[in-house]
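In each ligand, atom 1 is the first atom listed, and ligand 1 is the first ligand listed.
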Amino acid sequence: MTDTTTDRSVPDLRRLFGEAATLSPLASADRMGRRVEGIDLSGELSADQAELLIRLLDEHQIICVAGQDAHGLDVHGMERIANHFGAPLPHPRNYANYGSGEPLRLRPLEQRASTLNNEAFPGAIECLPGADSPAVYIVSNVPGGGPDAEPEIAGGQHWHTDIEFEHVPLSTSMFYVHHVPTRRDEAGGNWVVNPPREPGFYHPGASDELSERREMLPLNGETAYADTTAAYAALPADERARLDSTLVRRRFRRDEEGWLAPLVYVNPRTGTKSLHSPIWASRGKTVAPVVVDGLDEEASRAFLDRLEAHCLQPQFRYDHVHTPGDVTIWSNFSTLHVAPPVKRSINDPADARLMYRISCKGEPSLTLPRPDTDGWIEQHISPPYRSALA
Ligand SMILES: [Fe+2]
């Protein structure tokens with residue numbers, strides 16, 4: 001891959017991380033996404049190193065730091081990195097009784113995601129240290145699998161932005177990639193084919209054009225992203241001006257009042273504008289439609305469906321191929337993403353897709369531990385959580 005030596009961050013990258021560091025486009029130099037190679041994230045980051053990584057994410061929206069398995073990075077180390085980008089959120093599935101109203105209990109050892117992963121193919125697949133952290137969501141098709149399992153296909157998901165409906169929305173998500181599927185179907189050349197959708201998967205009423213773009217899913221364990229900074233910039237000036245003052249009512253469920261939030265996100269460090277989750281709420285069964293302030297539900301759908309169709313055009317889309325050892329970090333304010341259909345109940349480790357995900361919110365912090373106050377944590381991180389940094 002060609003080194004983008006014209007990028008102004010390359011001299012800083014080499015000064016701070018060593019002369020072996022390279023930066024190259026994930027797709028092409030004029031599009032979002034950069035791959036960083038030749039750096040080691042397994043130790044503590046200096047403030048200057050953290051600032052540079054945050055700058056790279058601000059400028060490129062997705063950064064994939066390759067080869068961290070060779071440096072022995074584990075999931076504790078990943079969580080340390082995450083703390084520079086924001087306050088990590090605990091994942092509800094790590095708790096035995098989330099939503100019960102009782103004091104939260106973490107799942108007992110035998111029910112933990114890491115245990116279920118490790119039981120499927122002993123000796124071949126074993127989660128890395130730190131995978132049991134409450135902040136880690138193990139994205140995996142391994143639990144329930146084994147040599148005698150009967151594989152099936154779980155359909156791909158909706159285009160979305162992670163947790164855009166909270167007062168302080170989620171800012172950053174990251175994957176640390178452990179296993180990727182390597183086996184391909186000889187006839188079609190793909191790992192899986194998306195099964196037909198059940199009725200109600202999407203809210204009804206989308207145009208054929210939008211439906212087609214939504215359903216062009218990544219197929220081989222990849223994650224597809226849409227660039228909502230470039231999509232915003234490509235709109236006519238008068239439309240951008242209108243969108244700049246557009247508010248949308250965010251809410252998770254239809255019976256919630258929700259609150260008004262700007263549709264256009266302005267990055268406080270760069271001034272760059274993007275469309276923050278400009279989708280109507282395609283998740284038909286679970287998520288309440290987004291309503292544009294001043295419009296009724298039907299007009300909101302038409303307004304936002306048009307924007308979503310705009311964002312999902314091929315020139316704004318990037319399908320990311322995961323590689324073991326990658327730490328892939330993306331901005332939730334300036335991208336949409338979609339998960340692929342996956343095999344589950346796999347009977348061969350060659351079909352394993354296993355990644356550790358951490359998501360965070362709030363301001364970046366160049367130094368650790370983060371300076372978040374107890375009050376801020378209490379208000380915005382549910383359940384309240386701080387990383388234990390070794
Ligand atoms: Fe997501």
Checklist entry - With the threshold set at 4.0 Å, does a side-chain nitrogen-carboxylate oxygen contact exist between Glu308 and Arg214? => result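 Yes, charged N to carboxylate O under 4.0 Å.
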
Item to check | Side-chain ion pair, Arg370 and Glu363, N-O less than 4.0 Å | outcome: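 No.
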
Checklist entry - Is the side chain of Arg353 donor-acceptor paired with the backbone N or O of Asn141 at a distance under 3.5 Å, no angle test? => result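 Side chain of Arg353 to backbone of Asn141, a donor-acceptor pair under 3.5 Å: no, none is there.
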
Next on the checklist: With a 4.5 Å cut-off on side-chain heavy atoms, are Leu73 and Val327 touching?
Outcome noted: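 Touching, per the 4.5 Å side-chain cut-off.
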
Checklist entry - How about the Fe ion (ligand 1), which protein N, O or S atoms come within less than 2.8 Å? => result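 Near the Fe ion (ligand 1), below 2.8 Å, one finds His160 NE2, Asp162 OD1, His337 NE2.
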
Next on the checklist: Walk me through whether Asp12 and Arg15 qualify under salt bridge (Lys or Arg N to Asp or Glu O under 4.0 Å).
Outcome noted: CA-CA 5 Å; Asp12 291 336; Arg15 177 172 56 82; 3.1 Å; yes

Next on the checklist: For the residue pair Asp162 / His337, report whether a side-chain donor-acceptor contact shorter than 3.5 Å exists.
Outcome noted: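 Yes, a side-chain donor-acceptor pair sits under 3.5 Å.
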
